[in-house]
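The block underneath contains the structure these notes are about, expressed in structure tokens.
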Amino acid sequence: MNYYPHHIGDYLKDTAHLSMIEDGAYRRLIDLYYLHEKPLPSDKRQVYRLARASATAERKAIDIILDEYFTATPEGFRHTRCDEEIESYQDKSDDDEARKENEKERQRRHRQRRKELFAALREHDVVPAWDTKTADLETLLSRYQSRVTGGDCNVSVTPPATAIPITNPNNQEPINKKTAAAASPPHTHAHTHVREDDTALPPDLPVSNQTTPQARFAELLRSWELVRGKVCKAAANDARLATWAERGISETQLRAAYDLAVTDRINSGDNSAVNAGFVDTMLAKVLAASGSESALVKSGLAAKPWPCSWSGIVAKGEELGITQHDGEQAPAFKARVISAAGLSETEKSALRTDWGVSL
């Protein structure tokens, strides 16, 4: 034992008659008893040696303490109170060990369950973020299983984490790779979830019946971000979503813009969630490929600031005479350009609030 309770009042009551040297001898013998968690040796000479009692007065004090407070037994000199404390300590240690083993087993089962959930979701072409909560993984899997088995699913369902091909709203024909590539940010990350082929994907799973298009837009964004383990705060009362509805933005176009936004987040090393403002920025690219404009730009409610995309940041850097150093991470380069641009606090606040830019 490295610790034992010492009740000062009880101790003083029982030892008030002891001399200074006898009190010291008693405390030393108690420490030895607790340290080894067993009775003191029956041979007093061994007790003297353990207590480092070399002088005659010290050995006499040891004898007095052993006679008054300890009981000679075949196992050695026993102390009733010490035995009680040691027994309590050992019982507690056994309980702690059992709790540790139970916790290890619980964690093992938890890790195994998560492994099974990720494996099952991959069979549905869904790859959630590594830190997605287990409860969210289970909900996500149940939704896809309900769809496969033809079950009725009345809850919101998260679509696959794969991009829907960008289409022309006039004829709904998929745009070819070159056109789509021109609308994508540079340096596409190897692990982005955007598809590399033009094969049409299955239609989105039903989200839930909404009374307004903007409500569905909001829920789609939230559900797509859930797959990435992010929390999107898109709301139906957002003016941008209402404008998308007025301009007839399709879910296919919204998904294409969302995929571009995710890719840009990855390329710039930004781990924050994709929000409505940033998606609208990417809608400008999607609609530009089909000869249209972003919903908000066309309505005059917004213009695309340069910090909203990696290409804009690079272009601004060139304008200011700033280039990305070899080995310099994207966030560091972005910070240098923004610092050199001398944005005001008002401008920074607008970028954060309206466009979801991380500064």
Side-chain angles (χ1 to χ4, degrees), residues 129 131 183-189 192 214 217-218 220-222 224-226 228-247 249 254 257-288 293-359:
D131 56 351
S184 301
H187 314 302
T188 301
H189 195 279
T192 178
Q214 52 266 41
F217 289 152
L220 282 171
L221 291 177
R222 292 195 299 267
W224 291 339
E225 278 295 84
L226 176 61
R228 297 204 309 133
K230 307 294 183 182
V231 177
C232 175
K233 298 182 179 180
N237 60 0
D238 190 316
R240 286 168 288 232
L241 275 63
T243 304
W244 298 347
E246 292 172 2
R247 298 297 176 180
I249 298 299
L254 181 65
Y258 168 78
D259 288 327
L260 292 178
V262 170
T263 303
D264 193 276
R265 283 278 196 260
I266 294 173
N267 290 339
S268 62
D270 190 342
N271 293 323
S272 60
V274 171
N275 54 29
F278 196 32
V279 171
D280 185 70
T281 302
M282 294 306 172
L283 270 173
K285 292 185 176 182
V286 173
L287 299 178
E293 296 180 85
S294 165
L296 291 183
V297 171
K298 190 171 183 179
S299 66
L301 294 178
K304 178 185 174 184
W306 61 265
C308 291
S309 66
W310 179 250
S311 57
I313 293 171
V314 172
K316 188 65 174 180
E318 293 177 352
E319 176 186 329
L320 298 173
I322 300 174
T323 58
Q324 188 173 10
H325 302 316
D326 291 340
E328 184 178 20
Q329 297 295 319
F333 175 67
K334 175 182 175 181
R336 285 202 300 127
V337 174
I338 289 176
S339 176
L343 297 177
S344 67
E345 289 303 319
T346 300
E347 291 172 324
K348 290 180 180 179
S349 178
L351 286 170
R352 294 190 189 98
T353 303
D354 298 336
W355 300 95
V357 176
S358 177
L359 300 176

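Heavy-atom basis, side chains included; hydrogens, waters and symmetry copies ignored. Along the sequence shown, residues carry numbers from 1.
Side-chain atoms of R222 come within 3.5 Å of backbone atoms of A234 as a donor-acceptor pair (strictly under, hydrogens ignored). When atom types are taken as modelled, the side chain of K230 and the backbone of N271 share a donor-acceptor pair closer than 3.5 angstrom. Here the side chain of N275 pairs a donor or acceptor atom with the backbone of F278 at under 3.5 angstrom. No donor-acceptor pair closer than 3.5 Å links the side chain of S339 to the backbone N or O of A335.
T323 contributes atom OG1, which lies 9.0 Å from atom CG of D326 (distance to the nearest 0.5 angstrom). Rounding to the nearest 0.5 Å places SG of C308 at 8.5 Å from CD1 of I313.
Ring geometry, F217 versus W244: the interplanar angle exceeds 60°, so the pair is classed perpendicular (tilted spans 30 to 60°).
The minimum heavy-atom distance between A235 and A218, with the atom names listed, is C-CB, 3.8 Å. Between A273 and R228, the shortest heavy-atom contact is CA-NH2, 4.2 Å. Scanning all heavy atoms of the two residues, the minimum distance from L343 to E347 falls at CA-OE1, 3.3 Å. Nearest heavy atoms, Q214 versus A245: OE1-CB, 3.6 Å. Minimum interatomic distance between A330 and N267 (heavy atoms only, all atoms of both residues): CB-O, 3.5 Å. Smallest separation of non-hydrogen atoms from I249 and L283: CG2-CD2, 4.1 Å.
Listed by chain and number, the residues in a side-chain hydrogen bond (donor to acceptor under 3.5 Å, both in side chains) with K316 are E319 (sequence neighbours excluded). Under the side-chain hydrogen bond (donor to acceptor under 3.5 Å, both in side chains) criterion, E318 pairs with no residue, sequence neighbours left out. With sequence neighbours left out, E328 forms a salt bridge (charged side-chain N to carboxylate O under 4.0 Å, His left out) with R336.
The closest side-chain heavy-atom distance from I322 to F333 is below 4.5 Å. Counting heavy atoms from C-beta outward, E225 and Y258 have side chains that approach closer than 4.5 Å.
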Next on the checklist: Under the criterion side chain to side chain contact (heavy atoms under 4.5 Å, CB included), I'd like the reasoning laid out for W224 against D259: C-alpha separation, chi angles, the key distance, then a yes or no.
Outcome noted: CA-CA 10 Å; W224 291 339; D259 288 327; over 6 Å; no
Checklist entry - side chain to side chain contact (heavy atoms under 4.5 Å, CB included) between L221 and V274: does it pass, once the steps are laid out? => result CA-CA 8 Å; L221 291 177; V274 171; 5.7 Å; no
Next on the checklist: Determine whether R265 and D270 satisfy the following criterion, salt bridge (Lys or Arg N to Asp or Glu O under 4.0 Å), listing intermediate values before the conclusion.
Outcome noted: CA-CA 5 Å; R265 283 278 196 260; D270 190 342; 3.7 Å; yes
Item to check | From CA spacing to verdict: side chain to side chain contact (heavy atoms under 4.5 Å, CB included), W306, I338 | outcome: CA-CA 10 Å; W306 61 265; I338 289 176; 4.0 Å; yes
